[in-house]
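First the structure, in the form of structure tokens, and then the observations on it.
In this text the structure is predicted, and so the values were computed from the model without any measurement. Counting starts at 1 for both ligands and their atoms, in listed order.
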Amino acid sequence: MERILEINSLYKNYGKIKAVQDLSLTVNAGSVFGLLGPNGSGKTTTLGIILDVVQKTGGTYSWFGEKPGNESRKKIGAILEGPSFYPYLSAEENLKVTAQIKNVSYERIDEVLKTVNLLDRKKDRFQSFSLGMKQRLAIASALLPDPYVLVLDEPTNGLDPQGIADVRSLIVKISGEGKTIILASHLLDEVQKVCTDFAVLNKGKNVYTGSVEEALSNKEIVEVKAHDKDNLIKLLKSCSFVTGFSENHQTVLVHMDHQKNAFDLNQYFVANGLVISHLATNKKNLEEQFLEILSQSS
Ligand SMILES: Nc1ncnc2c1ncn2[C@@H]1O[C@H](COP(=O)(O)OP(=O)(O)O)[C@@H](O)[C@H]1O
Ligand SMILES: [Mg+2]
């Protein structure tokens, strides 16, 4: 698989603040890679470094298997800060300005406006746009030079639910057209909805890397309800293959060894004379895993 980005043991200190520590990760072609982490975990700093706007303290990174430079920069479309456009100019005129700055022809303007669903609004002034439309125009602008990779920092921040849905489906669409996307987000459901792979940052460290599909399918939790909840809890505590459980109102969520499943758990209850009223398997969601990862790593 083609390597788009490789980061090796990256460090960034701001004085005493260790913003990025020993961060390594790989982004493969065609993926939508999510950099997931709470605020202050070093996501923007990492993107700043790989886009060459923040100076690193240590470590290396390479784009497309090459040392970063002008050639690689041309293949990357990025939006780090919020969109900056001229309010009085139309969408189309603003993209003409971008095209001039980036030295690309006007020919792609309609195409990128179509991609972001703004073609019918191209004559409208930027200031008349909703935040979601402004963000989509920013994405259009990043797509103008037809980059291999699109880098987005918190792409749905501040948007209303419709704007969020539009930008997320746009990201999936752009990915479907063959571009690799790297995005930073503090939102788990965002990563879950749009990313194929992700890394979890905590205090500047990469504490987890994996595919979203694997993260979603890997772990099973079993929901159990019993009228005799006290006995249920007691049995769970003494069960050898139960690794943990949490109570959620009347339901108890049971975490087990990988080799065990709901059937084994039910058998255990039966063998110990507990009658249960509800038993269901439940894929552990990314949020629970994310919280677990962060609690284990801090
Ligand atoms: N220009 C800067 N000067 C000093 N500290 C900074 C600067 N930029 C970021 N930081 C600090 O670095 C850490 C990581 O910040 P950041 O990369 O913005 O995290 P995130 O994007 O995950 O919210 C935070 O502690 C932040 O306060
Ligand atoms: Mg940030």
Side-chain angles (χ1 to χ4, degrees), residues 4-27 31-63 68 73 76-84 131-132 134-136 138-139 141-142 149-160 163-164 167-168 170-171 180-210 212 215 286-287 289-298:
I4 292 291
L5 171 68
E6 192 153 1
I7 298 179
N8 284 306
S9 195
L10 200 66
Y11 285 84
K12 174 65 187 180
N13 300 336
Y14 291 106
K16 280 184 192 160
I17 297 170
K18 293 180 164 131
V20 177
Q21 299 183 66
D22 196 18
L23 179 83
S24 299
L25 57 84
T26 303
V27 178
S31 61
V32 181
F33 192 94
L35 218 46
L36 175 65
N39 285 328
S41 57
K43 304 180 297 292
T44 300
T45 303
T46 302
L47 295 186
I49 293 170
I50 61 174
L51 293 170
D52 205 21
V53 294
V54 172
Q55 216 171 357
K56 65 189 185 197
T57 305
T60 57
Y61 64 95
S62 62
W63 282 104
R73 192 67 189 80
I76 306 163
I79 312 170
L80 265 200
E81 283 106 42
S84 54
L131 277 179
K134 286 176 177 170
Q135 179 66 329
R136 271 150 51 210
I139 293 173
S141 150
V149 191
L150 190 58
V151 181
L152 306 167
D153 192 6
E154 305 278 4
T156 61
N157 252 14
L159 305 186
D160 63 13
I164 291 173
V167 167
R168 287 181 183 167
L170 175 58
I171 291 169
T180 303
I181 297 168
I182 300 170
L183 69 89
S185 177
H186 67 287
L187 301 170
L188 300 151
D189 72 317
E190 183 147 290
V191 168
Q192 194 165 348
K193 282 182 179 134
V194 308
C195 296
T196 57
D197 299 88
F198 72 122
V200 180
L201 296 198
N202 191 26
K203 295 173 189 154
K205 289 184 183 157
N206 180 357
V207 294
Y208 183 90
T209 321
V212 170
L286 211 49
E287 179 164 2
Q289 291 198 45
F290 176 70
L291 293 174
E292 195 175 290
I293 292 159
L294 291 185
S295 71
Q296 283 165 358
S297 63
S298 55

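- The proximity of I17 to ligand 1, defined as any non-hydrogen pair under 4.0 Å, is limited to the side chain.
- Counting only non-hydrogen atoms, the option in T46, N39, T45 that gets closest to atom 17 (O) of ligand 1 is T45.
- Atom 24 (C) of ligand 1 has its closest protein heavy atom at G40 O, 3.8 Å.
- Side chain of T46 to backbone of G42: a donor-acceptor contact under 3.5 angstrom is found.
- Contact between P38 and ligand 1 is present, with at least one heavy atom of the residue lying under 4.0 Å from the ligand.
- Proximity of atom 26 (C) of ligand 1 to the protein is not indicated, since no non-hydrogen protein atom lies closer than 4.0 angstrom.
- In terms of modelled atom types and a separation under 3.5 Å, the side chain of K43 and the main chain of H186 share no donor-acceptor contact.
- Nearest non-hydrogen protein atom to atom 1 (N) of ligand 1 is Y14 CE2, 3.5 Å.
- Those atoms of ligand 1 with a heavy atom of S41 less than 4.0 angstrom away are 19 (O), 20 (P), 22 (O).
- The shortest distance between side-chain heavy atoms of F198 and T209 does not fall below 4.5 Å.
- Looking only at heavy atoms of the protein, atom 12 (O) of ligand 1 is closest to A19 CB, 3.4 Å.
- Protein heavy atom in closest approach to atom 19 (O) of ligand 1: G42 N, 3.1 Å.
- Donor-acceptor pairing under 3.5 Å is lacking for the side chains of T57 and N13.
- In this structure, CG on L152 lies 7.0 Å from CD on Q135, to the nearest 0.5 angstrom.
- Taking atom 18 (O) of ligand 1 as the reference point, the nearest protein heavy-atom neighbour is T44 CB, 3.8 Å.
- Distances from ligand 1 to the non-hydrogen atoms of G37 include no value under 4.0 Å.
- In this structure, Y61 OH and D52 CG are separated by 4.5 Å, a value rounded to the nearest 0.5 Å.
- Atom CG of L201 sits about 10.0 Å away from atom OG1 of T44, to the nearest 0.5 Å.
- Inclusion of T44 in the first shell of the Mg ion (ligand 2) is supported: an N, O or S atom falls under 2.8 Å.
- The residue from V27, V149, T26, I76 that alone fulfils the side chain to side chain contact (heavy atoms under 4.5 Å, CB included) condition with L5 is V27.
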